[in-house]
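Scroll down for the structure; my scribbles are underneath it.
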Protein chains: 2
Amino acid sequence: MEEEDKFSNNEKIMSSFTHEKAGMKGINREKIDKIIYEASKNTDFFNHEQQKTDQVQKKIKSMKNEIQKNIQKGPRFIKESSDEIDRKIREFEKERILTETWIHVDMDMFYASVEIRDQPDLADKPIAVGDTQMITTANYIARRFGVRSAMPGFIGKKLCPELIFVPPNFGKYQAEGEKIREIFKEYDPNFESMGLDEANLLVTPVLRERGTDTHEGRQALAMEIREKIFVETQLTASAGIACNKLLAKMATEINKPNGQFYLQPDRDKITEFIEQQKVRKVPGIGKVLEKILNELGVDVCGDILKKKLEISFVFNNTSLAFLLKSALGLGSTSHTGVSEEQKSISISRTFPPTENIDEIRKKLITFCENIAKELEEKDAECRNVTVFIKRGNYETINRSETSKKLINTLEDITNLAFRQLETLQPLGQIRLLGLKVGNLSFGRKKRKSIQSFLAEPPAETEPKGVIQKKATSEEEFVNSFLHTPLTPEKKVIEDAKPTGIKLMRLQCPVCGQWFTMSEYRMSVHVSECVNDNGAKKRKVSLEGENKRIKSQKGLTLDHFFTKK
Amino acid sequence: MEEEDKFSNNEKIMSSFTHEKAGMKGINREKIDKIIYEASKNTDFFNHEQQKTDQVQKKIKSMKNEIQKNIQKGPRFIKESSDEIDRKIREFEKERILTETWIHVDMDMFYASVEIRDQPDLADKPIAVGDTQMITTANYIARRFGVRSAMPGFIGKKLCPELIFVPPNFGKYQAEGEKIREIFKEYDPNFESMGLDEANLLVTPVLRERGTDTHEGRQALAMEIREKIFVETQLTASAGIACNKLLAKMATEINKPNGQFYLQPDRDKITEFIEQQKVRKVPGIGKVLEKILNELGVDVCGDILKKKLEISFVFNNTSLAFLLKSALGLGSTSHTGVSEEQKSISISRTFPPTENIDEIRKKLITFCENIAKELEEKDAECRNVTVFIKRGNYETINRSETSKKLINTLEDITNLAFRQLETLQPLGQIRLLGLKVGNLSFGRKKRKSIQSFLAEPPAETEPKGVIQKKATSEEEFVNSFLHTPLTPEKKVIEDAKPTGIKLMRLQCPVCGQWFTMSEYRMSVHVSECVNDNGAKKRKVSLEGENKRIKSQKGLTLDHFFTKK
DNA sequence: ACTAAATTG
DNA sequence: ATATCAATTTAGT
DNA sequence: GTCCGGGCG
DNA sequence: TGGACGCCCGGAC
Ligand SMILES: Nc1ncnc2c1ncn2[C@H]1C[C@H](O)[C@@H](COP(=O)(O)OP(=O)(O)OP(=O)(O)O)O1
Ligand SMILES: Nc1ncnc2c1ncn2[C@H]1C[C@H](O)[C@@H](COP(=O)(O)OP(=O)(O)OP(=O)(O)O)O1
Ligand SMILES: [Mg+2]
Ligand SMILES: [Mg+2]
Ligand SMILES: [Mg+2]
Ligand SMILES: [Mg+2]
């Protein structure tokens, strides 16, 4: 009974492992949640999550309060407010554009897919890429057990005792990512990439050029892109086809994996689609905002319009516009002048909680070395240095300092970093340390003029360094990059969904190689093969360590919505 | 004809020398403006003013545009907007408080008054305190010619060839200011002082205590304060009595000089008063905002309500609220928790335009010395250093830098200042140099903890200084503080206005001294004189240089309006 | 400028 | 027992 | 945090 | 011929 209560309390705790996000309907959710709760309770992590949830609940309470306060201003005020919102909606609606076509492509269970391709024995087993600490992704078999991205491995194992952990090979994913981006480039040289395994392509020009800007033509094009990806990588992708970036992205998930969904560029069709989508599916609505909206009675996007008045009382104009546009299925239809330059470089590591300041210092030194090296590689300098930690109780704290002059040397970075580390003392138990540099300048060109050089402030670091030269204990980073040779797939890949591509093992009459591809695509291959194109590309391989993928620009709402 | 055109163009140039501000009705405005224009045209100053005016005109144009755009949204939108404003007005109106009494006291032609008191020969002549460069104030005789505060002396001389320039004696004004503040303190220990010569007093407690919280009692109290001031300083003051700070201040001017105005705490009386006041009289509305409002058809405060819709389209919520509250005669009725601590210290000087960087450097050094000295005197440190210049064309530019650590030494300040000076190069012709320090900390106490001390960043100044030790060329500062002995006034001071105090030369039967005072006040003096109070105070004199008055907190709207 | 929080893959 | 890491944006101060 | 501009006496 | 000085706040970036 006590347990019961705790659990039902806990149900309100926001979970990152939403059942709304990945592609699986009608799973034994209660059982999964119960297992997660049992594995979570009484941990520092859980405790911290609870505190965060409490904060959010407080916020929600004050929001509800604010709503009541506003409602009590009387029917007149409510009328005025409603009218104002409707006016906004009309404004937004005016900007609706249905004449562009976007295709959003996203690889299926990307990391897992790569691993399965290279170890076909895994194909029919539940797998997770990662370790008992953290799962980056899981295949669809494992997902049926509730296994998710961002779930600690030990919980995944509880949910699915058969679960096999595959250590990540980041280099491979990077390489596959480059391959698909090469393909994207053919269809839209300015494609917007939102992660290694996905991109939004404005394909209106291609469609017009080909004279296939029709319902069928658009779907055929998505199919073509996906096939090309499969040919180049032996990995399946899914796609969403719609008239703007937001809808294209949201459509992608509908027929995942290895499927695609075409949302007709029709006002009514769009409404029908969007109004029944869970708000959490909207990029930009994460677990916190979802929780808030749920508490306001908003479950699916259609509810946003139903509760627009309440929403307008508690969100600022930017957020209100964002939510209304989402609910209307309105999104950016043109390429956003996205700033290409990276804005920050960071490195962080989790370790067994320690209070030992000297250990921390050593780690920080190696972080500085890493960052300094990366700055040099990228011919960059920085002005801001941020040191951040996560306490034993999962509190995170960061301290930063902005230097007046550009810096890039190990010495300068180390000095600033250590100054910040000191401000964090006394440390107590700490489980993560991180270092970030920001305010980047690339290619030490933009020295405005001689004057600014004359006026350059002196270095803010002390000449005498705390630095221990070359403490390169890089054993954390594994060397496991080499691409495992392809093992030919025997089985014909089946696809139950009508949108799936019919794939089969076919031999190229020119090069004699076997491929898993559609018949259409084989014809393409043959002509390519004559020119000795396809084969070469597949030999590309990268060298380096098995680091995590860095320099992936963060996702922003700008990608999906037009600003104003 | 050409001249004509230029002049009529020029009429649109905003003049600081508004005819609305000081107390004089129906003067030969055209003639005055013409003279000012003739003296101004073809000067760098005028050219710069014109550029600023052009900028404002551009802004006004875009505002009018915005208004049109909004109006064209249709009657429905206009209705909604109007309703929203009316709702706001109703909200504001709810907070109206009529039960407090504020008395705002302001010395008449303050500096001039002091000079005339000490040189009674000047009493019947037009005088201006200042020099051919700049007039700080003028007596009422000179004002009739159009002579104004902030007017350059040579223009004043053109307007009034008889004008006599009296060099300022800042020390005296400071001393007189202290005297009146002593008096204010008796009536409201928390009085809010807005300048040397004025203050807002919340006198409700005194009135209640005395049982004189009536129309008559309030006016009598103002009279009493003014009389006391006259006794202590031989200077006349005017007063405004109203239910909030804003109205009290605005009321003060009505019967200036040597008069007072009582605005009854009655909704209708207030409306009648405020709606006919020129907007420029509202503290916070200066020449730019006045110009903008005028162009929108707003001349007097009543027009604000007439044009509230248009105003709401082009001003943000803060400004809109400010304007609406002004128009409603709503102001703060309680003491604002005003931050007492000074926020910045600055020094600046105008000189014949020069390009000589070394001269500038020398000046900057002496400024640094001044500032460092002042910091020491005030037991203060600073973090921000700002260097600013005014170019030959009156453009002003400032460059600032915030150090991570508190500084107060001559060396540190000099180094930061020079770094900023360099960023201003190439200087070109420059007519003013200034130095400001901000982010002040007083009484080097608030060292938060040991950690913050440990983490203190190293000094950001170079040890090797550009400093030339002791370049104390202080010949700019004149030693002219000694209080000129009082010359007894012969004439009986006349007062035409009913609110004026009947003043006459009276001899005290106790001390035998002659005073200019009312009979009522003489009775008070006699008893004071027995206790040897009044006499002593008058002997107080300050020592020091004839510097400008510093450390006078800037005026902010907070003083008059309630926030939120 | 600095800090915390939210979000994405 | 065991809860990532890189990157970005926004809002508050 | 920096810079500009408006405002007041 | 020639147009001050010291202080404050708010907005934009
Ligand atoms: N929280 C995370 N932490 C670290 N890596 C992640 C995380 N989420 C996703 N990734 C990595 C692993 C994924 O394979 C890859 C692409 O993410 P994503 O497209 O969202 O899922 P997925 O490709 O694994 O499955 P699917 O797209 O089929 O739902 O990014
Ligand atoms: N630009 C300026 N504007 C106003 N006053 C200034 C200026 N520069 C210096 N001062 C000084 C001189 C004034 O005597 C003193 C008080 O200002 P203020 O009360 O506005 O005018 P005033 O006391 O001279 O005349 P009155 O109050 O009778 O209109 O501040
Ligand atoms: Mg994916
Ligand atoms: Mg993805
Ligand atoms: Mg005055
Ligand atoms: Mg005054």
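Chain letters run A, B, ... following the sequence lines, proteins first, then strands; residues in each count from 1.
- Looking at heavy-atom distances under 4.0 Å, A/Lys390 makes contact with sugar-phosphate atoms alone, never a base.
- Spacing of P atoms, C/dT8 relative to D/dA3, comes out at 23 Å, to the nearest Å.
- Nucleic acid contact class of B/Ile135 (heavy atoms, under 4.0 Å, all strands): none.
- The side chain of A/Ile347 approaches D/dA6 more closely than any other nucleotide in the set F/dC5, D/dA6, E/dG9.
- When each of A/Ile397 and A/Asp197 is assigned the nucleotide of DNA chain C with its nearest heavy atom, A/Ile397 is the one assigned upstream, toward the 5' end.
- Listed nucleotides C/dA6, D/dT4, C/dC2 differ in distance to A/Val56; the shortest reach to its side chain belongs to C/dA6.
- For A/Asn439, a side-chain nitrogen or oxygen approaches OP1 or OP2 of C/dA1 to under 4.0 Å.
- Residue B/Lys158 places its NZ atom among more than 12 non-hydrogen atoms of other residues, nucleotides or ligands, all under 6.0 Å distant.
- Applying the 4.0 Å criterion to OP1 and OP2 of F/dT1, one finds that B/Thr43 has every side-chain N and O outside that range.
- Taking the six-membered ring for Trp and thresholds of 30 and 60 degrees, B/Tyr111 and B/Phe170 have ring planes more than 60 degrees apart, a perpendicular arrangement.
- When the nucleotides C/dC2, F/dC8, D/dT9 are ranked by their closest atom to the side chain of A/Lys343, D/dT9 comes out on top.
- Nearest nucleotide to the B/Ala150 side chain, out of F/dC5, D/dA3, F/dA4: F/dA4.
- Below 30°, between 30° and 60°, or above 60°: for A/Tyr37 and A/Phe46 the angle between ring planes is above 60°, a perpendicular geometry.
- Checking B/His104 against B/Glu198 by side-chain atom types alone, a donor-acceptor pair falls below 3.5 Å.
- Nucleic acid contact for B/Thr396: none, since no nucleic acid atom lies under 4.0 Å from a heavy atom of the residue.
- For A/Phe45, the listed nucleotide lying nearest its side chain is D/dA3; candidates were C/dT3, F/dC7, D/dA3.
- Side-chain contact of B/Asn384 with B/Thr386: a donor-acceptor pair under 3.5 Å is present, judged by distance alone.
- A/Lys287 comes within 4.0 angstrom of the backbone, heavy atoms only, and of no base.
- Across all strands shown, A/Ser348 has heavy atoms under 4.0 Å from sugar-phosphate atoms exclusively, and none from any base.
- Contact between the side-chain N/O atoms of B/Arg383 and the OP1/OP2 oxygens of E/dG1 is found at a separation under 4.0 Å.
- The P atoms of C/dA1 and F/dC13 are separated by 16 Å, rounded to the nearest whole Å.
- Backbone-only engagement by A/Asn316 is indicated by non-hydrogen atom pairs under 4.0 Å involving sugar-phosphate atoms exclusively.
- Distance, B/Phe170 CZ to E/dG9 C1': 12 Å, rounded to whole Å.
- Residue A/Ser40 is classed as a base contact, given a heavy-atom separation below 4.0 Å to a base.
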